[in-house]
Each structure stands twice: as C-alpha cells, then as structure tokens.
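To keep things clear, I will list the structure first and then write my remarks on it.
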Amino acid sequence: MDDKVRIIIQIGDHKHPLFVDRNEEPIFREAARLVNGRIQAYAKKYRASGLPKDYLAAFASLDIAARFVRQDRDSNAEAAEASLKELASEIRDYLSN
C-alpha cells in the first residue's frame, strides 16, 4: 500500500511540491538542506560574480551528484576487491588440497 505524503521542498528561492513515501520524507528534507547549504557556500564563493541562484542550485546539485558517483564507485571497487580476495583465498585452498 502506497503511503504518499505531499511535501513542499524549497531549493534556493523556489518551492517545489512533491509526493513522496511517508517514510522517505526526512530523506528529502535532509537532501534539500544539503543542497541549500551548498547553494549558500557557492553564493559566498561567487558573491562578486552575481550569479543567479538557479545557477548556484545547479552547481550545488552537480557537486552533490559528483560526490555520490565517487562514493558509489569507491564502494563498488571495495566490493570487487573483497570478492577478488575471497576468490583468491578459495583458489589457494583448492590448490593446497
């Protein structure tokens, strides 16, 4: 049974209505806080340039997405390394018998 709830998420100057699973609401709210925090950091860094907040929001989202991709690749590499170590161990065990 879908337990959806309508929430309003503000990113920069824009409010976005969303329907999300009730149990994922805190995740979306935390994600919005993260994006808004990165927008603030970029706003301070590029204060003199006068970039619109929409650009800053795009930079912030891209920054967060890049971090996610790096973490995903790192965790995939760690999983592959663990699998290879296990396979090597099994091969050594097999060859020693």
*What's the shortest heavy-atom distance between F28 and I9, and which atoms?*
O-CD1, 4.0 Å

_Sequence neighbours excluded - salt bridge (Lys or Arg N to Asp or Glu O under 4.0 Å) pairs with any residue from residues 18-28_ = D3-R22, K4-D21, E25-R29

*Establish whether L18 and V5 are linked, either directly or via other cluster members, by ILVMFWY side-chain heavy-atom contacts under 4.5 Å.*
yes

*Can you tell me which residue pairs pass the side chain to side chain donor-acceptor pair (under 3.5 Å) test with a partner in residues 31-50, sequence neighbours excluded?*
E30-R33, R38-D63

*Are the side chain of S75 and the backbone N or O of D72 linked by a donor-acceptor pair below 3.5 Å?*
yes

*asked:* D74: which residues meet the salt bridge (Lys or Arg N to Asp or Glu O under 4.0 Å) condition with it, sequence neighbours left out?
replied: none

*Of all pairs that satisfy side chain to side chain donor-acceptor pair (under 3.5 Å), the ones with a partner from residues 7-16, not counting sequence neighbours*: H14-D54

*In sequence, state the C-alpha distance, the side-chain angles, and the governing distance for I11 and I39, and then conclude on side chain to side chain contact (heavy atoms under 4.5 Å, CB included).*
CA-CA 9 Å; I11 303 292; I39 289 170; 4.0 Å; yes

*With sequence neighbours excluded, tell me which residues meet side chain to side chain donor-acceptor pair (under 3.5 Å) with K53.*
none

*Taking the side chain as C-beta and beyond, is there a heavy-atom pair between F19 and I7 under 4.5 Å?*
no

*Might you point out which heavy atoms bring S61 and V35 nearest each other, and give the distance in Å?*
OG-CG1, 4.2 Å

*Under the side chain to side chain donor-acceptor pair (under 3.5 Å) test, residues paired with E81 that sit two or more places apart*: K85

